[in-house]
Each structure stands twice: as C-alpha cells, then as structure tokens.
Amino acid sequence: MDKLTGNLLDEKEVIILDETTCHIEQPEYFTRLAKRLEPTADLVKKTLKSKGRVVHLLYLKSVVDMMQLQTIVVKPFYEMSPEQNFAEYIHSLPYETKMPTGDEEVLIEITKGNVFVMIDKQITLLELKVVAANAVQDAIMEPTIHGPQLGLSESIETNINLMRQRYHKPSLIVEPLQLEDASNRDIALIYDGEKVNPQLLKKIKTRILTLDVELVQASGDLQYYLNNKKYSLFPTSLLTERPDRILHNMASGKVIILVDGSPHAIIAPTTFFDFMISMEDLYYSFWVVSLIRFLRYAGLFTCIMLPAIYVGVTSYTPEVLRSELALTVAASRIGVPYPSFIEVFFMLIFIELLTEASMRLPNSISATATTVGGLILGTAAVEAALTSNIMVIVVSLVAISTFVIPISEMNYAVRVCRFFLLVYTTLFGIAGMMLGILGLLLYLVNKDSFGEPYLRMFWKNRQEELKADDS
C-alpha cells in the first residue's frame with residue numbers, strides 16, 4: 001500500500017487486540033514504516049492502550065518536543081472517558097499537518113519532527129518538532145548604526161514570523177517548497193502578491209523545483225545553484241541577513257527565498273546597483289546619503305582601477321604625471337629590483353592573504369594578525385627594498401576602498417576584476433586597461449538576473465526602458 005489518503009487502511013492492517021493476553025499486534029503499515037527507519041537509535045515505536053482504545057505512535061525522539069507530546073497526546077489519551085472520541089480530538093488539534101500520499105513522503109515528514117499517529121483505521125501526522133536554533137542572531141555581515149540590530153534565525157518558522165511582524169498586509173504570500181536533494185529542506189518563497197511579477201515568480205519556482213543537486217546545506221548553496229552559470233563572476237541574487245533589507249526589496253516586488261536551517265535569505269532578482277546600497281541609506285537625509293554614495297562609488301573605482309593605473313602610468317606612460325610627482329615615484333622605487341607590475345602583484349597577493357587570514361581567524365587573533373601583517377611586515381618590506389613607499393600607499397588605499405562596498409559577494413567579484421585589469425594593463429599598457437574596462441562593461445550590459453537587466457538604472461523601470469529601446 002504505497003498511497004494513503006489519510007484515514008483508510010485495509011481491514012487486515014488494522015490492529016488486532018487480544019483482550020485475554022493484552023498482546024497488541026501492530027498494523028502492517030505501521031511496521032513497514034518503522035522498518036524503513038531502523039536501526040536508528042532515536043526511533044520510538046510506542047503503543048498506548050486504555051479503556052479499550054489503542055493508539056500507535058511512531059517518531060524520532062531527537063527531533064520531537066517530548067513535553068508537547070506528553071501534554072498534547074499521551075496525557076489526554078489516558079484522561080479521556082470511554083464516551084469521548086480520541087480520534088476526533090487528535091484531528092481537531094492545530095498541530096495536524098497535511099498527510100502526504102506515499103511511504104517515502106511520510107518518512108520524510110517523520111524525520112522532520114512530525115509524530116505519526118495511528119488510531120484504528122485513521123492515520124495522521126502531528127507537527128511537534130523541536131528546533132534547537134530558533135534564536136534570532138545579531139547582524140554580523142551587515143552591521144549598521146541605525147536600524148534593526150538583529151538579523152534572521154536558523155529556523156524558517158521564526159524568520160517567517162519576523163516578516164509577518166514587520167509587514168502587515170494581507171497580500172504577503174508565503175509559499176512552501178521542498179528540495180529534492182538529500183537534505184529535503186523546507187524552502188519558503190515570500191512575496192507581495194500585488195507587486196510581484198508573475199512571470200518572474202514562475203521562473204524562480206521552476207528553477208528551484210528543477211534543481212538536480214545532491215545536497216543543499218544553506219542559502220549560499222542554493223544561491224550558487226540558482227545562478228545557473230558555473231563561471232559567472234557577478235552574483236545575480238543577493239544574500240542578506242537583515243530583515244529591513246528583505247522588506248525593502250519585497251515591497252518593490254522582489255521574491256524572498258528562505259531555506260530552513262540557514263540564517264540568510266536570498267533576494268531575487270537584483271541589479272548591480274542593489275549591491276551598492278546599505279540599509280543605513282534609508283535612515284539619513286538626502287545630502288548625507290548622496291555624499292556617502294559618492295564615496296562608495298569612488299571607492300569602487302579606486303579598488304578596481306588604481307593598481308592598473310599605477311602600473312600603466314609608471315611602466316608605459318610616466319609623462320602624464322607632473323614632473324615633481326614622476327620624480328617622487330621614481331625616487332621611491334630606487335633599490336627595488338623588480339618592475340612595477342611584479343611589485344603590484346606581490347603586494348596585492350600579500351593583502352589578499354592578510355584579508356583572508358583576518359576573516360578566518362578568531363576575533364581575538366585576527367586583530368593581532370592584521371597588525372603584524374599590515375604594519376610590521378609592510379615596514380620591513382619597504383626597508384628591505386622589496387617594494388616602494390608609494391606602492392604601500394597605493395595598496396593600503398585599495399584595501400580600504402574594497403571594504404566600502406556593503407555586500408561581500410560584490411566585494412569578492414570586484415577583487416577578481418582588479419586582477420584581470422592588472423593583467424591587461426601589464427600586457428598592453430593604458431590601452432590594455434581601457435580594453436579591459438570596455439570588456440567588463442560589455443559583460444555587465446549583457447548580463448541579466450532572472451530576466452531583469454543587470455545594469456538597469458534604478459530611476460527607470462523595465463517598461464520605460466523598453467519604450468526607450470522602441471523609440
């Protein structure tokens with residue numbers, strides 16, 4: 001019997017109660033499910049008998065709230081009088097979940113923390129799971145001075161609750177999905193039904209349901225697979241831990257993807273400019289925000305272009321500098337045995353190693369590692385004539401500018417682009433740098449995020465851009 005409709009079983013599968021010996025034979029379907037879960041140690045097969053009633057329970061005690069099970073099921077079972085119908089009581093509980101239609105689906109629900117209850121010919125599932133990591137966490141990756149200081153939780157129910165508490169509109173839709181991988185994780189699509197683009201929503205659902213992957217462990221995994229292009233450099237969806245960023249994007253018609261067990265949400269679709277916005281931009285005045293955004297884009301330009309400009313100017317066209325500045329740069333490089341591009345590569349790789357080390361080490365050690373690497377080794381490299389003073393200033397400015405970008409995924413993409421431009425400039429000079437910039441722009445112009453243009457300007461919507469194209 002692979003298909004069940006929730007309450008009908010064959011007569012031969014119904015329990016057989018021997019009143020004289022008090023021996024209870026468990027139904028065939030119940031036994032079959034239990035055998036599929038064995039020999040795990042946390043499996044519990046329990047049969048309750050009282051006043052002529054028999055109830056079979058099947059669950060995994062490691063994922064079930066035992067106190068709730070005792071209070072909601074076991075205690076009422078023994079306290080009810082014979083005249084009261086225990087089956088009706090179970091079906092009236094708000095913990096009852098939809099009964100799946102196959103053995104495999106029922107087993108998956110049991111592994112998620114549901115309790116399988118069989119009463120006479122009726123079977124049901126009660127959601128009594130216990131979640132160990134449902135506490136809301138601090139916003140670590142996107143801290144702000146103003147605005148919410150707490151991020152999301154690893155429990156999908158808690159995250160949906162956070163959305164509901166902050167977005168009081170009946171058009172807020174929560175649509176559950178389930179991955180067909182080894183984890184069988186619950187996924188929730190959250191969107192404003194009045195503002196979302198139906199075609200976009202259909203495209204995202206199709207892409208999730210057609211994923212053919214072995215295991216998805218977190219939102220970051222799912223974001224990578226949704227990208228659908230293995231060698232894509234720039235992210236086409238945004239990973240965030242901030243509820244205010246989620247609601248800000250949902251109110252503009254975007255789709256939010258939550259993964260059970262992950263404290264991050266995926267926002268889709270996104271444009272390039274979404275990665276340059278900090279949530280603090282919403283809490284300051286226009287002129288303050290304008291200045292901050294100008295500095296942010298100036299930092300973006302600096303961290304991508306400055307190393308390439310340094311190599312291009314010092315190695316190919318030093319005449320573009322003022323004489324005094326050219327002499328200063330030349331004087332600083334006296335004693336350095338390498339050409340400028342080797343010096344730049346050496347220092348950039350050194351900074352990348354320092355950055356990765358400081359991010360992976362514990363907080364108490366990372367500060368020491370940064371101080372030792374940045375100050376002591378930097379000074380020692382200059383004194384040993386391995387690099388110039390000007391190069392240290394350039395690399396320091398590049399490193400600081402990199403962290404002006406608010407979203408870390410774009411931060412990584414920009415760091416890779418910096419090396420590409422440096423290679424072009426090393427090979428072809430200033431002309432190579434311009435060629436690299438042109439190629440980067442062409443790549444971004446032809447890129448899209450779930451059908452939305454990646455470089456779509458934020459002051460025009462899609463219809464206005466199409467009208468401009470038609471004209």
Side-chain angles (χ1 to χ4, degrees), residues 140-143 220 223-224 227 230-235 239 272 275-276 296-315 332-333 336-427 432-433 436-437 439-440 443-444:
I140 300 172
M141 298 298 294
E142 303 171 73
Q223 183 197 29
Y224 172 76
N227 198 12
K230 185 177 180 181
Y231 297 106
S232 177
L233 177 58
F234 287 86
L239 205 62
F272 176 84
F275 294 91
M276 298 299 292
R296 204 172 289 151
Y297 281 97
L300 174 67
F301 176 82
T302 301
C303 67
I304 292 182
M305 301 290 299
L306 190 57
I309 291 175
Y310 178 82
V311 171
V313 170
T314 56
S315 299
S332 70
R333 300 199 69 253
V336 178
Y338 315 110
S340 60
F341 67 88
I342 293 182
E343 185 186 9
V344 173
F345 272 113
F346 168 72
M347 289 302 291
L348 285 181
I349 292 174
F350 173 70
I351 288 294
E352 294 294 335
L353 291 174
L354 190 63
T355 304
E356 284 299 309
S358 62
M359 291 173 63
R360 309 301 169 201
L361 288 172
N363 292 335
S364 56
I365 304 176
S366 64
T368 306
T370 306
T371 304
V372 171
L375 296 179
I376 299 176
L377 287 183
T379 305
V382 173
E383 291 179 352
L386 293 176
T387 185
S388 63
N389 291 324
I390 300 292
M391 190 63 245
V392 172
I393 296 173
V394 169
V395 170
S396 301
L397 190 56
V398 168
I400 294 171
S401 302
T402 304
F403 296 110
V404 172
I405 301 170
I407 304 297
S408 60
E409 300 150 277
M410 183 57 71
N411 187 314
Y412 284 110
V414 166
R415 286 158 64 180
V416 175
C417 289
R418 185 164 63 210
F419 281 99
F420 279 138
L421 280 183
L422 192 55
V423 171
Y424 271 84
T425 309
T426 301
L427 295 176
M433 184 183 73
I437 294 172
L440 180 62
Y443 172 74
L444 292 175

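The two residues S401 and T302 come nearest to each other via the heavy atoms OG-CG2, 3.5 Å. Heavy atoms only, all atoms of each residue included: M276 and R296 are closest at O-NH1, 2.8 Å. Closest approach of S396 to V392, counting heavy atoms only: OG-O, 2.7 Å. The shortest heavy-atom contact between V414 and C303 is CG1-SG, 3.4 Å. Summarising the geometry of C417 relative to L233, their closest heavy-atom pair is SG-CD2, 3.6 Å, with the distance given to 0.1 Å.
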Quick one, V394 with M347, criterion side chain to side chain contact (heavy atoms under 4.5 Å, CB included). Give me CA distance, side-chain angles, the key distance, then yes/no. CA-CA 10 Å; V394 169; M347 289 302 291; over 6 Å; no
Would you sort out whether F341 and T425 count as a side chain to side chain contact (heavy atoms under 4.5 Å, CB included), showing the intermediate values? CA-CA 9 Å; F341 67 88; T425 309; over 6 Å; no
Please walk me through it: do L422 and Y310 pass side chain to side chain contact (heavy atoms under 4.5 Å, CB included)? CA-CA 9 Å; L422 192 55; Y310 178 82; over 6 Å; no
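Considering V344, V398, V395 as possible partners of L306, the one that fulfils the side-chain contact (heavy atoms from CB on, under 4.5 Å) test is V398.
Crowding of F234 atom CZ: a count of heavy atoms from other residues, nucleotides or ligands under 6.0 Å exceeding 12.
Taking CZ from F275 and CG from L300, the interatomic distance works out to 13.0 Å, rounded to the nearest 0.5 Å. To the nearest 0.5 Å, atom CE of residue M141 and atom CD1 of residue I407 are 9.0 Å apart. A distance of 3.0 Å separates CE in M305 from CD1 in I437, rounded to the nearest 0.5 Å. To the nearest 0.5 Å, atoms CZ (R333) and CG (N389) are separated by 12.0 Å. Rounding to the nearest 0.5 Å gives a distance of 9.5 Å between OH of Y443 and CZ of F420. Distance check, rounded to the nearest 0.5 Å: CD1 of I405 to CD1 of I304 gives 6.5 Å.
Side chains of T402 and R418: a donor-acceptor N/O pair is present below 3.5 angstrom, by distance only.
Between V336 and M391 the shortest side-chain heavy-atom distance does not fall below 4.5 Å.
Classification of the F350-F346 ring pair by plane angle, with boundaries at 30° and 60°, yields parallel.
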